[in-house]
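One structure is given here, and the rest of the page talks about it.
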There are 2 protein chains.
Amino acid sequence: MVWSIDYHSGVPVYLQVVQQVQSAVASGVLREGDQLPSVRALAEQLRVNRNTIARAYGELEHAGALENRQGSGCFVRASATPLRKAVRTERLTGAVDSLIVQAHTLQVSDDDLRGLLDERLTEFDARRKSEE
Amino acid sequence: MVWSIDYHSGVPVYLQVVQQVQSAVASGVLREGDQLPSVRALAEQLRVNRNTIARAYGELEHAGALENRQGSGCFVRASATPLRKAVRTERLTGAVDSLIVQAHTLQVSDDDLRGLLDERLTEFDARRKSEE
DNA sequence: TTGACTGTCATATGACACCATGACAGTTTT
DNA sequence: AAAACTGTCATGGTGTCATATGACAGTCAA
């Protein structure tokens with residue numbers, strides 16, 4: 001798995017780690033049972049403090065994506081959202097609306113936005129397949 | 001225009017104001033030449049400090065969405081992005097990818113995501129039309 | 001011109017998020 | 001048992017966000 005942190009993006013480092021793990025799970029790079037780099041190892045690799053990584057892993061455990069075992073390591077859990085579909089869709093709606101606003105701000109047309117989503121979905125799908 | 005600030009969302013107030021202005025412009029509630037509430041008036045209405053609103057308006061002016069004239073007020077500018085289409089699309093791509101990851105994390109299927117985007121785009125379009 | 005409105009800037013202060021240092025606790029291997 | 005690994009917690013520094021306040025500068029109407 002490839003990690004990359006942008007220290008000047010304004011996005012907290014621990015959040016970038018969280019998002020990259022989620023992204024890796026979404027694209028099939030990480031699968032159920034996989035072990036993540038140890039807190040110290042990843043911290044050293046990214047030149048970041050151990051606690052920053054520990055916090056990221058902690059958030060992911062809280063969200064149900066990871067299982068952290070003291071002494072053993074951190075492992076990807078089987079994803080099983082306890083939320084009803086209506087709730088999940090509602091949460092996505094906010095993100096979709098933000099995207100639409102951003103598209104309009106950048107003066108990208110609705111059709112181009114639809115096309116871009118299709119394109120990226122296909123890209124993700126291809127990556128998932130190639131990981132099998 | 002309706003304003004609503006969530007003080008417990010963790011999102012900085014000034015950013016919420018920025019996003020709501022962008023959203024209002026995107027949905028046609030605000031149009032070129034429209035005057036926004038004065039810094040002091042909006043600050044009082046939202047029970048927020050003047051500087052917080054001033055910062056939001058300042059960011060929006062820096063982004064090219066507003067023109068702030070000392071003594072007169074703050075006005076919506078004609079949107080004209082100086083960026084090439086390729087650059088704009090590239091910026092959107094990051095947001096689209098985040099959305100895809102979030103959809104996967106929430107276990108929403110690709111088709112449902114496409115449908116949701118269509119639904120929200122239609123909703124925005126209807127709102128734009130009704131503002132004319 | 002005067003007064004009331006606009007936006008802007010500088011400063012100080014408090015709360016909180018982020019991140020780093022060091023110590024601690026559990027597990028696995030030797 | 002000892003060593004080397006794992007994750008975790010308490011503490012303190014630093015920066016951002018928001019507040020409060022005061023002062024200044026430009027615009028417009030009475």
Side-chain angles (χ1 to χ4, degrees), chain A residues 1 3-22 24-25 30 32-77, chain B residues 1 3-22 24-25 30 32-77:
Chain A
M1 169 164 185
W3 303 86
S4 78
I5 300 296
D6 181 357
Y7 300 90
H8 303 290
S9 68
V11 180
V13 173
Y14 84 95
L15 259 189
Q16 292 187 48
V17 174
V18 166
Q19 289 163 357
Q20 286 185 37
V21 171
Q22 289 178 329
V25 171
L30 286 178
E32 177 183 351
D34 282 356
Q35 181 169 9
L36 275 74
S38 79
V39 165
R40 283 171 176 78
L42 184 55
E44 187 175 357
Q45 179 182 339
L46 300 182
R47 306 196 174 193
V48 155
N49 194 266
R50 300 174 302 217
N51 272 337
T52 303
I53 305 300
R55 177 168 183 186
Y57 284 3
E59 300 260 338
L60 284 162
E61 180 175 50
H62 185 74
L66 251 52
E67 182 174 348
N68 306 335
R69 292 197 285 267
Q70 192 169 159
S72 326
C74 300
F75 303 85
V76 177
R77 267 186 33 157
Chain B
M1 169 162 185
W3 302 87
S4 77
I5 300 295
D6 181 357
Y7 300 91
H8 304 290
S9 69
V11 181
V13 174
Y14 85 95
L15 260 188
Q16 292 187 48
V17 173
V18 167
Q19 289 163 357
Q20 285 186 35
V21 171
Q22 288 178 329
V25 171
L30 286 179
E32 176 184 352
D34 281 356
Q35 181 169 10
L36 274 74
S38 78
V39 166
R40 285 171 175 78
L42 184 56
E44 186 175 358
Q45 180 182 337
L46 300 182
R47 306 195 172 192
V48 155
N49 193 267
R50 303 185 304 233
N51 283 335
T52 304
I53 304 299
R55 177 169 183 185
Y57 284 3
E59 300 259 339
L60 284 162
E61 179 175 50
H62 185 74
L66 251 53
E67 181 175 349
N68 306 336
R69 291 197 285 268
Q70 192 169 165
S72 327
C74 299
F75 302 85
V76 177
R77 266 185 34 157

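A, B, ... follow the sequence lines: proteins, then strands. Residue 1 opens every chain.
- Under the 4.5 Å side-chain criterion, counting only non-hydrogen atoms from C-beta, A:S4 is not in contact with A:Q16.
- Residues A:V17 and A:R55 form no side-chain contact, since every pair of their non-hydrogen atoms from C-beta on lies 4.5 Å or further apart.
- Protein atom CG of B:N49 is 15 Å distant from nucleotide atom C1' of C:dA15, rounded to whole Å.
- Among all heavy-atom pairs drawn from B:V18 and B:E59, the shortest one is CG2-CB, 4.2 Å.
- At whole-Å resolution of the value, CG in B:L42 and C1' in C:dC5 are 16 Å apart.
- Looking at every heavy atom in both residues, B:Q19 comes nearest to B:V11 through OE1-CG1, 4.5 Å.
- Distances from the side chain of A:Q70 to the nucleotides C:dT21, C:dA25, C:dT6 place C:dA25 closest.
- In summary, contact between chain A and DNA chain D, defined as any nucleotide atom under 4.0 Å from a heavy atom of the protein, begins and ends at D:dT6 to D:dA10 in the 5' to 3' direction.
- Along DNA chain D, the nucleotide nearest to A:G73 and the one nearest to B:Y7 differ in position, and the one closer to the 5' end is contacted by A:G73.
- Scanning both residues, B:R77 and B:L66, for their nearest heavy atoms gives CD-O, 3.5 Å.
- B:N68 comes within 4.0 angstrom of the backbone, heavy atoms only, and of no base.
- Summary of the strand contacts: A:R69 and B:A41 both lie near DNA chain C, and taking for each the nucleotide with the nearest heavy atom, the more 5' one is attributed to B:A41.
- Residues from residues 50-61 of chain B that place a heavy atom under 4.0 Å from any atom of DNA chain D, listed by number: B:R50, B:N51, B:T52, B:R55.
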Counting only pairs under 3.5 Å, give me each side-chain donor-acceptor contact of residues 34-54 of chain B, with atom names and distances, residues two or more places apart or in other chains.
{"unit_1": "B:D34", "atom_1": "OD2", "unit_2": "B:R31", "atom_2": "N", "d": "2.8"}
{"unit_1": "B:Q35", "atom_1": "NE2", "unit_2": "B:S72", "atom_2": "O", "d": "3.1"}
{"unit_1": "B:S38", "atom_1": "OG", "unit_2": "B:A41", "atom_2": "N", "d": "3.0"}
{"unit_1": "B:N49", "atom_1": "OD1", "unit_2": "B:N51", "atom_2": "N", "d": "2.9"}

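- Judged by distance alone, the side chain of A:N68 and the main-chain N or O of A:E61 form no donor-acceptor pair under 3.5 Å.
- Side-chain contact between B:L30 and B:F75 is absent, with no heavy-atom pair separated by less than 4.5 Å.
- Applying the 4.0 Å criterion to OP1 and OP2 of C:dT27, one finds that A:S72 has every side-chain N and O outside that range.
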